[in-house]
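Here is the structure we will look at.
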Amino acid sequence: NPKALLNYWHNMPEEKFDFNSGEEKIEVKSNSNFERQHTFSSEQLNPPLGTQVLVASIFVRQNNAGQNIQQLVDSITTKVQYDINLTEKLNNIVCKTLGNSLEQSIKIKFDYNIAKDSLQFYRHQDISKIEEIHIPNTVSEVRYKSDLATLKHIHLTTLKYRGNLFGSI
């Protein structure tokens with residue numbers, strides 16, 4: 001449900017989670033080396049009690065015959081039926097995320113099929129992490145890389161609870 005997902009998409013690229021509905025959060029991680037190793041902040045894998053985080057892991061590969069960012073934006077715009085508010089939000093976030101590299105980045109094309117076929121979801125509880133209790137109060141902005149390669153990915157239909165965010169995937 002692209003409309004729901006856009007509503008839950010972060011407004012600022014610096015936010016801790018890419019999609020956030022309160023109790024449900026999704027963090028999207030990509031890798032161009034075809035390895036499911038991703039860097040996380042401590043907050044992403046140690047959310048507040050009662051919060052469920054899904055990590056979407058995806059492979060990206062540049063491909064001159066692929067789709068560029070503008071084509072993806074246009075595709076999403078069509079799917080949300082040209083909703084002016086959602087289209088504006090989409091364009092604003094893309095601009096904020098790419099910043100000064102917008103002009104160069106818009107030309108880069110990616111293999112859409114590799115991305116689509118490689119998408120897998122993982123529960124935050126299953127990912128190796130540094131438990132928050134082991135991080136002193138005087139230490140902040142802890143980041144580390146976790147390897148998801150040996151973890152079993154989940155199928156969304158097996159989630160016990162699917163609220164508005166998870167139900168829109």
Side-chain angles (χ1 to χ4, degrees), residues 1-62 69 72-73 76 86 89-102 105 108 110 114-169:
N1 182 345
K3 284 185 176 187
L5 289 171
L6 271 175
N7 277 315
Y8 293 122
W9 198 21
H10 58 61
N11 288 312
M12 299 296 296
E14 300 81 21
E15 291 181 35
K16 295 292 179 202
F17 297 97
D18 294 308
F19 300 87
N20 187 343
S21 72
E23 293 179 354
E24 296 178 329
K25 301 174 188 319
I26 300 172
E27 178 60 21
V28 180
K29 300 292 185 180
S30 64
N31 189 311
S32 60
N33 296 326
F34 291 79
E35 297 174 343
R36 295 212 187 267
Q37 296 178 358
H38 303 293
T39 301
F40 296 92
S41 70
S42 175
E43 292 90 349
Q44 289 172 328
L45 294 181
N46 291 290
L49 282 175
T51 303
Q52 178 67 293
V53 176
L54 286 181
V55 173
S57 173
I58 190 169
F59 297 144
V60 292
R61 167 155 291 159
Q62 286 189 25
I69 293 170
L72 292 172
V73 167
I76 294 167
L86 292 178
K89 179 178 183 177
L90 173 63
N91 288 320
N92 284 338
I93 296 170
V94 168
C95 288
K96 287 177 189 175
T97 301
L98 297 176
N100 294 335
S101 68
L102 176 65
S105 299
I108 299 171
F110 294 92
I114 286 176
K116 182 179 63 146
D117 294 343
S118 70
L119 176 63
Q120 293 183 350
F121 292 92
Y122 299 86
R123 294 174 346 120
H124 78 274
Q125 300 95 320
D126 300 332
I127 300 172
S128 296
K129 62 182 161 281
I130 299 171
E131 297 290 341
E132 208 169 43
I133 193 166
H134 300 298
I135 301 172
N137 292 338
T138 55
V139 175
S140 61
E141 298 183 34
V142 175
R143 300 184 70 72
Y144 45 85
K145 187 179 283 190
S146 290
D147 190 345
L148 285 56
T150 60
L151 298 180
K152 186 176 182 199
H153 68 278
I154 64 157
H155 296 280
L156 297 174
T157 55
T158 63
L159 287 174
K160 292 179 183 174
Y161 173 77
R162 290 181 64 192
N164 292 335
L165 177 56
F166 293 170
S168 2
I169 302 173

Inspect the surroundings of [atom1] in [X] and state if more than 12 heavy atoms from other residues, nucleotides or ligands are less than 6.0 Å away.
| X | atom1 | answer |
| --- | --- | --- |
| Arg61 | CZ | no |
| Gln125 | CD | yes |
| Asn33 | CG | yes |

What is the distance from atom [atom1] of [X] to atom [atom2] of [Y], rounded to the nearest 0.5 Å?
| X | Y | atom1 | atom2 | value |
| --- | --- | --- | --- | --- |
| Ile58 | Asp117 | CD1 | CG | 9.5 Å |
| Lys129 | Ile135 | NZ | CD1 | 11.0 Å |
| Thr97 | Leu102 | OG1 | CG | 10.0 Å |
| Leu148 | Ile127 | CG | CD1 | 4.5 Å |

With the side chain counted from C-beta on, respond yes when [X] and [Y] share a heavy-atom pair under 4.5 Å apart, and no when they do not.
| X | Y | result |
| --- | --- | --- |
| Ile169 | Phe121 | yes |
| Gln52 | Glu23 | no |
| Asn31 | Arg36 | no |
| Asn164 | Tyr8 | yes |
| Gln62 | Phe110 | yes |
| Leu86 | Ile76 | no |
| Asp147 | Ser128 | no |
| Ile26 | Phe166 | yes |

- From the options Lys29, Glu27, His153, select the one residue that forms a side chain to side chain contact (heavy atoms under 4.5 Å, CB included) with Tyr122. His153
For [Y], is there any backbone N or O sitting under 3.5 Å from a side-chain donor or acceptor partner on [X]?
| X | Y | result |
| --- | --- | --- |
| Glu24 | Ser21 | no |
| Gln44 | Lys16 | yes |
| Lys89 | Asn11 | no |
| Asn46 | Ile130 | yes |

- Under the side chain to side chain contact (heavy atoms under 4.5 Å, CB included) rule, what do Leu159 and Leu54 come out as? Steps first, then yes or no, please. CA-CA 10 Å; Leu159 287 174; Leu54 286 181; 3.9 Å; yes
- Query: Which atoms form the tightest heavy-atom contact between Pro136 and His134, and what is the distance?
  - Reply: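 Where Pro136 meets His134 most closely, the heavy atoms are CD-O, 3.6 Å.
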